[in-house]
Number of protein chains: 2
Amino acid sequence: MQQASSGYLKGRIRREDIIAAAAALYAEAGYHGSSLREIAKRAGITHAGLIYYFPTKEALLAAVLERRDADAVERLQLDIPAGLDYLRHMVALMEYNLRRRGLVDLYVRLAAEAVGADHPAHEYFDRHYRMARDHAVASFAVLGERGELRSGVDPAVAGLSFIALMDGLQVQWLTNPDRVDLVGAVRIFLQDLISVEL
Amino acid sequence: MQQASSGYLKGRIRREDIIAAAAALYAEAGYHGSSLREIAKRAGITHAGLIYYFPTKEALLAAVLERRDADAVERLQLDIPAGLDYLRHMVALMEYNLRRRGLVDLYVRLAAEAVGADHPAHEYFDRHYRMARDHAVASFAVLGERGELRSGVDPAVAGLSFIALMDGLQVQWLTNPDRVDLVGAVRIFLQDLISVEL
DNA sequence: CCTACCGATCGGTAGG
DNA sequence: CCTACCGATCGGTAGG
């Protein structure tokens with residue numbers, strides 16, 4: 001029993017190692033550009049050993065995306081209700097991202113790769129964007145009901161544009177970090193839309 | 001002489017065919033995901049024949065990017081002076097892009113792939129973003145000098161955010177065209193920043 | 001421009 | 001988890 005339990009634990013740790021190695025390589029080379037052999041090498045096993053844990057390349061991608069969501073919810077409480085606090089949390093997320101270039105890399109590269117309907121992560125990103133937009137739109141709508149929105153601001157457009165702005169800024173920031181004030185631009189964009197202090 | 005002239009013409013046409021085929025495949029599969037064999041097949045030659053025209057995979061990428069720039073300048077007059085007309089032209093460019101999904105695909109995919117400093121198109125996109133930002137910033141600055149900017153708007157931030165917004169909107173639009181009003185969002189963003197009619 | 005080929009690498013399987 | 005292997009595909013070269 002102890003043996004089995006220990007075995008399970010070791011397996012779980014090994015799985016985490018593989019997922020971390022995959023996420024790092026996806027960020028550097030994209031999903032299609034990442035080989036199972038290179039991921040396995042970074043995790044300290046052979047590529048056939050990796051397949052023992054994840055039966056296909058796509059299964060590993062799914063695990064990486066699930067892991068990313070779990071982390072985001074856990075550390076950044078992305079499940080907080082729509083409203084001003086949600087927008088503040090998104091600014092905090094951008095600040096956090098400044099110190100996690102690999103994470104931003106992974107996200108930007110996979111999102112671009114997955115615009116095609118045949119990419120294994122397409123449905124994930126379609127759902128991801130829909131949820132991000134809906135939550136942002138709902139947040140601006142809440143502010144609107146309280147009269148805390150600048151006059152003439154449409155929550156639907158503001159929500160869509162807010163998500164788009166963050167994505168676009170990340171691409172430019174990754175390309176040349178010195179020339180792009182990620183957090184500053186997001187903060188100013190939001191403050192311009194609302195009549196209360198961010 | 002006529003033979004040679006005819007030969008040169010045929011060569012130029014063949015080169016254009018290869019470039020068009022490459023651009024189309026880059027949009028579908030990314031640069032690293034596109035094989036010289038598949039590009040050659042679409043252009044109606046063998047992959048060794050393609051290499052007769054473009055000695056390496058990177059040389060073909062360079063030709064595709066040069067071609068894209070030449071097209072943009074020619075058809076959309078991107079070399080117009082900074083100011084309100086430039087912003088109007090960018091809105092027209094977004095409208096044009098709605099009918100050229102492949103072009104947007106190519107741009108978005110390559111830009112994300114090229115965030116890494118070791119990608120052969122990295123310098124191209126670094127330069128591209130710098131120029132795009134500079135021109136947008138200059139345009140807002142011109143409006144500011146004329147008193148046609150909403151009070152409190154910083155041209156530097158507005159320029160950066162404008163370029164980022166367009167990029168981010170394109171990713172969401174490619175992922176799910178039905179849910180994203182590309183042109184509408186850009187228009188509203190700009191109109192909110194300026195005090196004259198767009 | 002082609003045929004024919006090179007060494008390297010890919011995802012996945014067999015069998016233990 | 002490994003060794004050993006499969007068929008397929010990659011960018012590039014030789015030689016014409």
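Chain identifiers are assigned alphabetically (A, B, ...) following the order of the sequence lines, protein sequences preceding nucleic acid strands; residue numbering begins at 1 within each chain.
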Quick one: B:L36 CG to D:dG12 C1', roughly how many Å, whole number? 9 Å
Carboxylate-amine/guanidinium contact B:D126 A:R179, below 4.0 Å: no
Whole angstroms only, please: what is the OH-P distance between B:Y52 and C:dC2? 11 Å
Heavy-atom nearest nucleotide on DNA chain D for A:G49 versus A:R37: which residue maps closer to 5'? A:G49
Before accepting this row, confirm whether a basic side-chain N of the pair A:R42/A:E28 lies closer than 4.0 Å to the acidic partner's carboxylate O. yes
Which nucleotide in the list D:dC5, D:dC2, C:dC2 gets nearest to the side chain of B:A48? C:dC2
In Watson-Crick or G-U wobble terms, with both distances under 3.5 Å, the base opposite C:dC6 is D:dG11
Starting at CG of B:L50 and ending at P of C:dT3, how long is that distance when rounded to a whole Å? 15 Å
Nucleotide paired to C:dG16 in any strand shown, Watson-Crick or G-U, under 3.5 Å: D:dC1
Salt-bridge criterion met for B:R187 and B:E95 (N-O under 4.0 Å): yes
Find the distance A:K57:NZ to C:dC10:P and express it as a whole number of Å. 9 Å
Hey, is B:D71 close enough to B:R68 for a salt bridge, meaning N to O under 4.0 Å? no
Looking at every non-hydrogen atom in both residues, tell me the closest pair between B:Q172 and A:A164 and how far apart they are. NE2-N, 3.4 Å
B:Y31 OH - D:dC10 C1' separation (whole Å): 12 Å
From CD1 of B:I39 across to P of D:dC10 the rounded distance in Å is 10 Å
Rounded off to whole Å, could you give me the NE2-to-P distance for the B:H47 and C:dC2 pair? 11 Å
Short side-chain N/O contact to C:dC10 OP1/OP2 from A:S35, under 4.0 Å: yes
Without decimals, in angstroms, what is the distance between A:E38 CD and D:dC10 C1'? 17 Å
What is the nucleic acid contact for A:I51, judged by heavy atoms within less than 4.0 Å: base, sugar-phosphate only, or nothing? base
